[in-house]
Amino acid sequence: MSALLGINEGQSTTRPPLFNKKYYSWWKARMEDFLIAEDYELWTIVNQGPVTPTKQNGQNEIVPKDPSEFVAVDFRMTEKNAKAKKILICGLGPDEYNRISACYNTKEI
């Protein structure tokens, strides 16, 4: 069965928009809408960067927590970055993926 007219890859309410190497502004706006609709915090993480769980050490310095010290809230925020990253990656083809595959978080992507 062939695809319906006007329904192309990436035009779904359940899959992120697919970047086709053209029309970056169009794709960016659609990806923003997709992320916001999925979870508004995801778009905030893309714009501002991920929230890193921190703690105060013995010298009163703020340092990143070791994952073994995470509590439920820390895991939730760490998972938000992973979810946003997954959505962005799913909207890219292999050429674009190769360019961003070493990025650690969504803001870098």
Side-chain angles (χ1 to χ4, degrees):
M1 179 175 171
S2 63
L4 298 173
L5 291 176
I7 304 297
N8 297 321
E9 183 68 29
Q11 293 190 356
S12 168
T13 58
T14 58
R15 290 190 318 221
L18 185 63
F19 182 62
N20 68 351
K21 300 182 184 181
K22 314 191 276 189
Y23 311 118
Y24 173 77
S25 296
W26 178 77
W27 175 81
K28 180 183 170 193
R30 291 187 66 224
M31 183 59 82
E32 177 182 351
D33 291 341
F34 187 89
L35 286 163
I36 288 169
E38 188 71 25
D39 181 344
Y40 193 83
E41 283 180 304
L42 298 179
W43 183 243
T44 303
I45 288 170
V46 169
N47 279 323
Q48 298 176 1
V51 175
T52 304
T54 59
K55 66 178 181 177
Q56 193 169 10
N57 66 12
Q59 291 80 29
N60 290 329
E61 300 169 327
I62 303 295
V63 296
K65 281 185 183 178
D66 185 74
S68 65
E69 301 173 305
F70 283 7
V71 295
V73 173
D74 299 331
F75 281 114
R76 186 173 102 41
M77 291 313 297
T78 303
E79 289 167 355
K80 293 274 184 178
N81 182 64
K83 186 174 184 179
K85 186 175 176 182
K86 175 187 79 171
I87 290 171
L88 288 174
I89 287 171
C90 287
L92 299 175
D95 293 334
E96 292 80 22
Y97 176 79
N98 287 336
R99 290 187 210 132
I100 58 93
S101 61
C103 295
Y104 174 72
N105 62 55
T106 56
K107 186 156 179 75
E108 291 175 0
I109 294 173

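Side-chain atoms are counted along with the backbone in the values below, which use heavy atoms only and exclude waters and symmetry mates.
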Donor-acceptor check, side chain of Trp27 to backbone of Asn20, threshold 3.5 angstrom: yes or no? no
Answer yes or no: is there a donor N or O on one side and an acceptor on the other, between the side chain of Lys107 and the main chain of Asn47, under 3.5 Å? yes
The reported gap from OG1 in Thr52 to CE in Met77 (rounded to nearest 0.5 angstrom) is 10.0 Å
If two hydrophobic side chains count as joined below 4.5 Å and joins carry through other members, does Val46 share a cluster with Ile100? yes
I'd like to check the salt bridge (Lys or Arg N to Asp or Glu O under 4.0 Å) partners of Asp33; sequence neighbours left out, ordered by chain and number. none
Can you list, pair by pair, the side-chain donor-acceptor contacts under 3.5 Å of residues 78-93, counting residues two or more places apart and other chains?
| residue | atom | partner | partner atom | Å |
| --- | --- | --- | --- | --- |
| Thr78 | OG1 | Asp74 | O | 2.9 |
| Lys80 | NZ | Asp39 | OD1 | 3.4 |
| Lys80 | NZ | Asp39 | OD2 | 2.1 |
| Lys80 | NZ | Glu41 | OE1 | 3.0 |
| Asn81 | OD1 | Thr106 | N | 3.4 |
| Asn81 | OD1 | Thr106 | OG1 | 3.4 |
| Lys85 | NZ | Cys103 | O | 3.0 |

Please check if the number of heavy atoms outside Lys28 that lie under 6.0 Å from its NZ is greater than 12. no
Output for pair (Glu32 CD, Trp43 CH2), nearest 0.5 Å, gives 4.0 Å
Same apolar cluster (I L V M F W Y, side chains within < 4.5 Å links), Val51/Ile36: no
So, does Glu108 use its side chain to make a donor-acceptor pair with the main chain of Tyr104 at under 3.5 Å? yes
Mind listing the closest non-hydrogen atom pair of Pro67 and Phe75 along with its distance? O-CZ, 4.1 Å
State plainly whether one hydrophobic cluster holds both Tyr24 and Tyr97, where clusters connect Ile, Leu, Val, Met, Phe, Trp and Tyr through side-chain heavy atoms under 4.5 angstrom apart. yes
Approximate separation, where rounding is to 0.5 Å, of Trp26 CH2 and Phe19 CZ: 10.5 Å
Same cluster or not: are Met31 and Tyr40 linked, directly or through other Ile, Leu, Val, Met, Phe, Trp or Tyr residues, by side-chain heavy atoms under 4.5 angstrom apart? yes
Atom of Arg30, atom of Pro17 and distance for their closest heavy-atom approach: NH1-CB, 3.5 Å
